[in-house]
Amino acid sequence: MPPIRLSTVQARTLPTLSATLAQLSTIAHAASKRGVHLLLFPEAYLGGYPRGKSFDALVGSRTSEGRDEFWEYARGCVDLGDVSHEGAGGEYVVGGGDGTREVLEGTARETGVFLVVGIVERVGGTLYCGVVYVCPREGLVGKRRKLMPTGTERVIWGFGSSATLKAIHTKLNNVPVVLAAAICWENYMPLLRYQLYSQHVQIYLAPTADGRESWISTMRHIAMEGRCYVLGSNQYVEEEVKGDRTGCEGGSCIVDPMGNLVGSVGNAEGVGYEPLTKSNALWGREGYIDIEIADLGKDIGKAKMDMDVVGHYKGPWKVVEASGAIEGVGKK
């Protein structure tokens with residue numbers, strides 16, 4: 001099989017949607033010149049992650065000023081023309097939306113790069129944090145919506161549907177691959193991870209807004225647990241937020257199926273490579289990480305010799321959700 005090249009981007013949302021889409025296009029064209037076949041962007045890259053904002057919401061109280069802040073935020077979010085609150089794709093109004101879907105499809109088609117982009121989507125009066133999968137041949141082929149917004153994200157984002165927990169089957173450089181995404185703290189939800197593993201995901205995509213060093217341990221654990229390649233993507237934001245030195249330090253990374261951080265990092269201008277250490281990720285600047293995989297199926301097949309959590313390492317029991325009990329444990 002031919003090799004495939006994957007890339008994760010550490011870039012920030014710009015002040016307007018049009019400016020961010022232009023930056024996305026620039027990044028995608030540069031990636032295409034490097035031979036990249038799949039490119040991952042951070043959580044809420046289009047629409048923006050409102051880090052540090054409270055929207056003046058307290059338990060039992062909202063204010064007119066907070067509603068104004070929410071309105072301004074919502075105006076900058078993405079309208080794909082999807083009229084369904086299920087959000088699994090396929091229910092788009094012809095000619096609807098704000099043109100973002102068409103721009104993304106055009107960029108993918110021009111560059112030949114499969115785009116996976118974190119968005120905040122506006123449907124009626126509700127905002128959803130999500131991810132879109134954009135194929136250079138077929139256009140928008142799938143979408144995820146975050147099932148469980150984290151903490152105060154629940155003030156501004158709706159709850160996604162489990163109908164969007166579908167893996168994507170596509171080809172990268174004529175190599176059949178299975179992709180799936182989990183957004184930020186969805187990666188701490190064991191049953192959600194298992195739902196993706198059960199679809200035999202090979203490339204696990206994890207856009208996030210979590211800039212803690214401990215996040216890297218999560219990415220490495222998932223790679224080892226699922227025996228898959230994991231791509232993590234975060235924004236690097238310099239502004240001070242409530243006394244922090246930076247809004248977000250980043251921490252984008254690529255992990256192989258044995259839990260090793262791999263790849264080579266380039267700067268925001270797309271020139272220059274330097275290898276990452278096995279215990280490091282991309283911190284404190286914008287840039288990208290690329291990895292060329294010589295034989296995806298071989299790498300995953302070898303890794304699953306001793307760990308396949310939906311197969312030979314599944315165990316003889318089953319979980320009974322109603323009671324939380326585990327049947328079969330300790331029985332002869």
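Predicted model only: the values in this text are computed from it and were never measured. Along the sequence shown, residues carry numbers from 1.
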(message) For Asp290, is there an ion pair with Arg34 - N to carboxylate O distance below 4.0 angstrom?
(response) yes
Is there a donor in the side chain of [X] and an acceptor in the side chain of [Y], or the other way round, less than 3.5 Å apart?
| X | Y | result |
| --- | --- | --- |
| Tyr288 | Thr8 | no |
| Asp210 | Thr208 | no |
| Arg12 | Thr20 | no |
| Thr164 | Arg144 | yes |
| Tyr204 | Asn187 | yes |
| Tyr197 | Asp308 | no |

Taking C-beta and beyond as the side chain, do [X] and [Y] meet within less than 4.5 Å on heavy atoms?
| X | Y | answer |
| --- | --- | --- |
| Phe159 | Met148 | yes |
| Ser217 | Arg220 | no |
| Leu6 | Ile203 | yes |
| Leu24 | Leu115 | yes |
| Leu296 | Tyr229 | yes |
| Val120 | Leu46 | no |
| Arg193 | Ile222 | yes |
| Leu179 | Leu38 | yes |

Check: [Y] main-chain N/O paired with [X] side-chain donor or acceptor under 3.5 Å:
| X | Y | answer |
| --- | --- | --- |
| Thr126 | Arg122 | no |
| Thr111 | Thr107 | yes |
| His37 | Gly112 | no |
| Ser54 | Ala57 | no |
| Tyr133 | Ala181 | yes |
| Gln235 | Thr13 | yes |
| Arg154 | Pro149 | yes |
| Arg137 | Lys171 | yes |
| Glu186 | Leu192 | no |
| Glu249 | Trp283 | no |

Nearest heavy atoms of [X] and [Y], plus distance in Å:
| X | Y | answer |
| --- | --- | --- |
| Phe114 | Pro136 | CA-CD, 3.8 Å |
| Ala167 | Gln199 | N-OE1, 2.7 Å |
| Ile289 | Cys253 | CD1-CA, 3.7 Å |
| Pro2 | Asn173 | CG-O, 3.2 Å |
| Pro50 | Gly48 | CD-O, 3.5 Å |
| Glu286 | Tyr236 | N-CD2, 3.8 Å |

(message) Would you say that more than 12 heavy atoms from the other residues, nucleotides or ligands in this model lie under 6.0 Å from the OH of Tyr313, or not?
(response) no
(request) Answer yes or no: are there more than 12 heavy-atom neighbours, outside Asn174 itself, under 6.0 Å from its atom CG? (result) no
(request) Carefully, step by step, assess Ser233 and Gln10 under the rule side chain to side chain donor-acceptor pair (under 3.5 Å). (result) CA-CA 6 Å; Ser233 178; Gln10 188 154 290; over 6 Å; no
Hey, what do you get for [atom1] ([X]) to [atom2] ([Y]), rounding to the nearest 0.5 Å?
| X | Y | atom1 | atom2 | result |
| --- | --- | --- | --- | --- |
| Ser252 | Ile216 | OG | CD1 | 8.0 Å |
| Asp256 | Ile293 | CG | CD1 | 9.0 Å |
| Gln195 | Lys166 | CD | NZ | 11.0 Å |
| Glu110 | Glu105 | CD | CD | 12.0 Å |
| Leu40 | Ser7 | CG | OG | 8.5 Å |
| His200 | Ile300 | NE2 | CD1 | 11.5 Å |

For residues [X] and [Y]: do they belong to one hydrophobic cluster (side chain heavy atoms under 4.5 Å, members Ile, Leu, Val, Met, Phe, Trp, Tyr)?
| X | Y | value |
| --- | --- | --- |
| Leu196 | Tyr194 | yes |
| Val237 | Tyr49 | no |
| Met189 | Leu165 | yes |
| Val78 | Leu127 | no |
| Tyr188 | Val201 | yes |

(request) Any chance you could lay out the side-chain contact (heavy atoms from CB on, under 4.5 Å) test for Ile183 and Val131, step after step, and finish with the verdict? (result) CA-CA 8 Å; Ile183 304 166; Val131 165; 3.8 Å; yes
(request) Start with the C-alpha distance between Ile27 and Leu39, add both sets of side-chain angles, then the distance that settles side-chain contact (heavy atoms from CB on, under 4.5 Å), and finish with yes or no. (result) CA-CA 9 Å; Ile27 292 170; Leu39 186 60; 4.1 Å; yes
(request) Using the side-chain contact (heavy atoms from CB on, under 4.5 Å) rule, take Val309 and Lys314 through it: C-alpha gap first, then chi angles, then the decisive distance, then the call. (result) CA-CA 5 Å; Val309 295; Lys314 183 178 180 180; over 6 Å; no
(message) Show, in sequence, the C-alpha distance, side-chain angles and deciding distance for Asp306 and Arg227, and conclude whether the salt bridge (charged side-chain N to carboxylate O under 4.0 Å, His left out) test is met.
(response) CA-CA 10 Å; Asp306 53 4; Arg227 290 301 203 253; 3.0 Å; yes
(request) Could you check whether the rings of Phe55 and Tyr73 sit parallel, tilted or perpendicular, using 30° and 60° as the cut-offs? (result) tilted
(message) Just to verify, what does Glu72 make a salt bridge (Lys or Arg N to Asp or Glu O under 4.0 Å) with, not counting sequence neighbours?
(response) Arg75
(message) The test is side-chain contact (heavy atoms from CB on, under 4.5 Å); show your working for Leu21 and Thr100 and say whether it passes.
(response) CA-CA 8 Å; Leu21 283 168; Thr100 297; 4.1 Å; yes
(message) If the test is salt bridge (Lys or Arg N to Asp or Glu O under 4.0 Å), which one of Lys146, Arg51, Lys53 qualifies with Glu153?
(response) Lys146
